[in-house]
Amino acid sequence: MEEKVIDTILKSFPSISLSEMEGVRLMNRIDTKYTTTSEQLVSFLRLLQKDYYIQEINGKRVSPYRTVYLDTPGLSMYLTHQNGRKTREKIRMRSYIDSCRTFLEIKDKNNKGRTRKVRMPLSSMNSYLVTEAEVFLYEHASFQLQDLTLQVENQFNRITLVNREKTERLTIDTDLCFRHLSSGKEQSLPGLVIIELKQDGNIPSRAKVYLSLLHIRPVSISKYCLGMLLTNPEAKRNRFKKKLTQINKLANYSYGYII
């Protein structure tokens, strides 16, 4: 039921093209994440209609994404999150399926909460073992390509919004599915919604106001960590237990106990 309602609401947003969105890339920014349910998403989208554009690609307003995360065999990048370090890094490959683009991406977060993202294009997910990728990581990352292995894959559908002033982006991820690339263990989270507000700084935002009105609170967890927690029972998790409980309550809203 919610899917049909959401689809109807999305059609009411004014659209913005992918080329127009290039000016709102915010590759150096402050990210704030929120988790909620598809039921609450309906209310949130209704509040946003007058203040935001929706990205449209080839006539579609919801875009499928596929991401593969790399890490060391000892999960060094995952453990920086688990151990509570403010400075951390993620390395991933992401396919933007509707626009037929794939990138090798590095996301660094500093101790002031700012996220910097750099990326290089790839011809496909299978083409990352190339000299150009080795050089790219050598220049921008703390890890070398030969020290990394494929860890977790996730797929989701994304709604991308931008405010009328074009100073912030809002991504809304639904239908999340995870797969561990060594064990093959899979886990989906139907009904869970991850919202991410991307801004140049900590500036006023109508989205923040609406999220507060709906009692949707910020939560700090990455999709990589979530995928690792759901598909790798050996991964250290004590720091994430409270967040997992919160996420399970949201997933339990309509679909029963998942985590």
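Bear in mind the structure is a predicted one, so any value in this text is a computation, not a measurement. When reading the values below, keep in mind they use all heavy atoms of this one structure, side chains included, and skip hydrogens, waters and symmetry mates.
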Donor-acceptor contact below 3.5 Å, side chain Asn83 vs main chain Leu79: yes
Of all the heavy-atom pairs spanning Arg88 and Ser220, show the shortest one and how long it is. NH2-OG, 3.8 Å
Take atom CZ of Arg61 as the centre, draw a 6.0 Å sphere, and report whether it contains more than 12 heavy atoms from other residues, nucleotides or ligands. yes
If only side-chain N and O atoms count, and only distance matters, is there a donor-acceptor pair under 3.5 Å linking Thr102 with Ser95? yes
Checking Arg239 against Tyr78: charged group under 6.0 Å from the ring centre and within 45 degrees of the axis? no
Between the side chains of Thr131 and Glu134, is a donor N or O closer than 3.5 angstrom to an acceptor N or O? no
Side chains of Tyr52 and Glu168: do they bring a donor and an acceptor to under 3.5 Å? yes
Residue pair Asp98 / Asn58, side-chain donor-acceptor N/O under 3.5 Å: no
Are the side chains of Ser17 and Glu56 in contact, using a 4.5 Å heavy-atom criterion? no
Hits for ring-ring contact (aromatic ring centres under 6.0 Å, His included) against Tyr69, two or more places apart or cross-chain, chain-then-number order -> Tyr224
Applying side-chain hydrogen bond (donor to acceptor under 3.5 Å, both in side chains) to Asp51 and not counting sequence neighbours gives Tyr210
Report yes or no: do Asn232 and Glu234 form a side-chain donor-acceptor pair below 3.5 Å? no
Roughly how far apart are Met77 CE and Glu89 CD, rounded to 0.5 Å? 6.5 Å
Given side chains that start at C-beta, do those of Leu226 and Phe240 come closer than 4.5 Å, heavy atoms only? no
Answer with yes or no whether the side chains of Gln82 and Thr80 bring together a donor and an acceptor at under 3.5 Å. no
Is there a donor-acceptor contact under 3.5 Å from the side chain of Asp71 to the main chain of Ser76? yes
Around Arg85, counting heavy atoms of other residues, nucleotides and ligands shown, do more than 12 lie under 6.0 Å from its CZ? no
What's the spacing between Met120 CE and Leu104 CG if we round to 0.5 Å? 6.0 Å
Quick one: does any side-chain atom of Arg158 pair with a main-chain N or O of Pro64 as donor and acceptor, under 3.5 Å? no
Scan side-chain atoms only and decide if Ser12 and Gln49 contain a donor-acceptor pair under the 3.5 Å cut-off. yes
Partner of Val68 under side chain to side chain contact (heavy atoms under 4.5 Å, CB included), chosen from Met93, Arg92, Arg94: Met93
Walk me through it: do Ser43 and Gln40 pass the test side chain to side chain donor-acceptor pair (under 3.5 Å)? CA-CA 5 Å; Ser43 300; Gln40 281 190 300; over 6 Å; no
Are the side chain of Ser212 and the backbone of Val209 linked by a donor-acceptor contact shorter than 3.5 Å? no
Can you check whether Thr115's main-chain N or O pairs, donor with acceptor, with Lys107's side chain at less than 3.5 Å? no
